[in-house]
Amino acid sequence: MTRDGVKVSILANAGVEEEAAAAAAAGAEGIGLLRTEFLCLYEEGPPSEEQHEAAYRRIAAAVGGRVVTVRLLDLAPDKLFPLGDDLPVGDLPIAERGIHYLLRNPHLLRAQLRGVLRAGDSGNFRLLLPMVAGVTEIARVRELLAELAQELRREGIARCKPVPVGAMIETVPAVLMAPEIARAADFLSLGTNDLLGFLLGARRDDTGEPISGAAFEPSLFRAIHQVVQAASAAGKDVSICGEIAGAPAFTKLLLGLGVRVLSMGLHRIAEVRYVVSETDIASARQLAEEVLSLRTAAEVRDLVLAQVDPWQLLLRRRASEG
């Protein structure tokens, strides 16, 4: 809760069962981003639906019934797993990445969706579509989910239940289409790492980290503001699962922009929770209004870092390092 009584949900990003269990123990309300590609790193070739199902059941057990947001397999330069072919992921345009690649390779998508549906009785699952550019991808996944649920019922697997479908907003087309996407999806999740890269026309470095020193770019916060407004108008939740969600220096600003769900690495939960508890929404909104009026990253950096309590000098250093 903020100082003035506004509820903020703190979720965790995770890739494996042990991370999910540790996040639950640290007080996370659930998994806001399950990186399913990391569940498959040690498999020989694409995972089967049985392997998907087993993994999701383990994750659900690890978090004790809390929400688990299953991001569909997201192919990117820093998130590879053996598909058994030579896919030049790093050079692919948006139209051939993430959900677009899965739709063009339905055997991968069907196996994962059937795995989620089969595991449905063991947890509280949501689906998250990576690299969405518009509403077509959402509609196609919903159609396929309905088809697969019918298949499983015919096969005698009656545990299927509706699974909310969310869209990752991490591309410029998705930001521009945010009102339509918000109406078509059940929830939105801002992937600010990739979004920042697309806004600046740059790629992550070889370590997979966001572009160094760029997190204060005004365009990023204007994009976040636009997406939050679209989600609010559609009555949908919107979370942030990029690096800035777990950077305490940005917490007050994100709350001022209207974000009420933050998903982060488990080691940042305590710090972010502390900043939330010390923030009041009125001053956070004032900060957001000021930031949205600024023109340079340097101006944003100076204003944002000035909000950090001197007691949190370590947080100031982390933010300045990007």
Side-chain angles (χ1 to χ4, degrees), residues 14-15 17 20 30-41 43-63 65-75 79 81-85 87 95-168 174 181-189 236:
E17 176 185 353
I31 304 301
L33 177 67
L34 180 63
R35 300 182 178 96
T36 59
E37 52 277 359
F38 291 129
L39 296 171
C40 313
L41 280 172
E43 303 294 343
E44 294 184 1
S48 66
E49 65 183 76
E50 291 81 11
Q51 290 168 325
H52 277 295
E53 177 188 4
Y56 304 144
R57 287 185 176 277
R58 292 195 300 269
I59 295 290
V63 300
R66 296 174 175 88
V67 66
V68 176
T69 307
V70 178
R71 182 178 65 184
L72 297 181
L73 294 170
D74 185 15
L75 304 181
K79 293 168 287 195
F81 68 97
L83 281 174
D85 56 18
L87 180 67
E96 296 180 29
R97 293 178 59 185
I99 186 59
H100 306 279
Y101 182 80
L102 294 178
L103 287 169
R104 294 181 183 183
N105 293 269
H107 63 290
L108 297 175
L109 181 56
R110 289 175 62 90
Q112 184 164 26
L113 294 182
R114 280 177 61 101
V116 172
L117 291 171
R118 288 171 61 131
D121 63 337
S122 66
N124 180 15
F125 295 106
R126 306 189 302 176
L127 287 174
L128 185 57
L129 280 52
M131 288 291 156
V132 167
V135 299
T136 303
E137 308 95 284
I138 301 169
R140 292 181 64 185
V141 169
R142 288 194 189 279
E143 291 171 0
L144 185 55
L145 273 173
E147 173 188 324
L148 296 177
Q150 288 183 347
E151 282 185 7
L152 289 168
R153 282 192 289 269
R154 287 195 297 268
E155 295 168 14
I157 301 175
R159 55 179 172 259
C160 301
K161 60 182 181 181
V163 182
V165 177
M168 285 202 77
I181 293 173
R183 289 193 292 269
D186 294 313
F187 64 97
L188 303 181
S189 181
K236 306 295 174 63

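Numbering starts at 1 and runs along the sequence shown. Bear in mind the structure is a predicted one, so any value in this text is a computation, not a measurement.
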Asks: Could you measure the distance from the CD atom of Glu49 to the NE2 atom of His107? Nearest 0.5 Å is fine.
Replies: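 Nearest 0.5 Å value for the CD-NE2 distance: 13.5 Å.
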Asks: Backbone N or O of Leu188 within a donor-acceptor pair of the Lys236 side chain at under 3.5 Å?
Replies: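 Checked: no pair found.
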Asks: If you compare all heavy atoms of Gly123 against all heavy atoms of Ala60, which two are closest, and at what distance to 0.1 Å?
Replies: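 Looking at all heavy atoms of both residues, the closest pair is CA-CB, 3.9 Å.
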Asks: Which donor-acceptor pairs under 3.5 Å do the side chains of residues 124-133 make with protein atoms, sequence neighbours left out?
Replies:
from, atom 1, to, atom 2, distance (Å)
Arg126, NE, Thr69, OG1, 3.2
Arg126, NH2, Thr69, OG1, 2.9

Asks: Between Thr36 (side chain) and Arg71 (backbone), is there a donor-acceptor pair under 3.5 Å?
Replies: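 Checking the backbone N and O of Arg71 against the side chain of Thr36, a donor-acceptor pair under 3.5 Å is found.
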Asks: Report yes if the side chains of Leu113 and Leu72 come closer than 4.5 Å at any heavy-atom pair, otherwise no.
Replies: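 When only atoms from C-beta onward are counted, Leu72 and Leu113 do touch, with a gap below 4.5 Å.
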Asks: Nearest heavy-atom pair of Gln112 and Leu73: which atoms, and what distance?
Replies: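 Reported closest heavy-atom pair: OE1-N, 3.0 Å.
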Asks: Taking salt bridge (Lys or Arg N to Asp or Glu O under 4.0 Å) as the test, write out the residues that go with Arg140, two or more places apart.
Replies: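 Residues passing salt bridge (Lys or Arg N to Asp or Glu O under 4.0 Å) with Arg140: none at all.
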Asks: Is any side-chain heavy atom of Val116 less than 4.5 Å from a side-chain heavy atom of Tyr56?
Replies: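 Yes, at least one pair of side-chain atoms sits under 4.5 Å.
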Asks: Within the 4.5 Å heavy-atom criterion, are Leu144 and Arg110 side-chain neighbours or not?
Replies: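 Yes, close enough: below the 4.5 Å cut-off.
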Asks: Between Leu108 and Tyr101, is a side chain to side chain contact (heavy atoms under 4.5 Å, CB included) present by the stated rule, with each step listed?
Replies: CA-CA 9 Å; Leu108 297 175; Tyr101 182 80; 3.7 Å; yes
Asks: I need the full list of salt bridge (charged side-chain N to carboxylate O under 4.0 Å, His left out) pairs touching residues 53-63, with sequence neighbours left out, sorted by first then second residue.
Replies: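 Output for this query lists Glu17-Arg58, Glu53-Arg57, Glu53-Arg118, Glu53-Arg159, Arg57-Asp121.
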Asks: Once rounded to the nearest 0.5 Å, what's the spacing between atom CZ of Arg97 and atom CZ of Arg104?
Replies: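 Output value for this atom pair is 13.0 Å.
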Asks: Under 3.5 Å, side chain of Gln51 to main-chain N/O of Ser48, donor-acceptor pair present?
Replies: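 Pair found, side chain donor or acceptor close to backbone of Ser48.
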Asks: Between Val135 and Arg183, is any pair of side-chain heavy atoms under 4.5 Å apart?
Replies: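 No, every pair of side-chain atoms sits at 4.5 Å or beyond.
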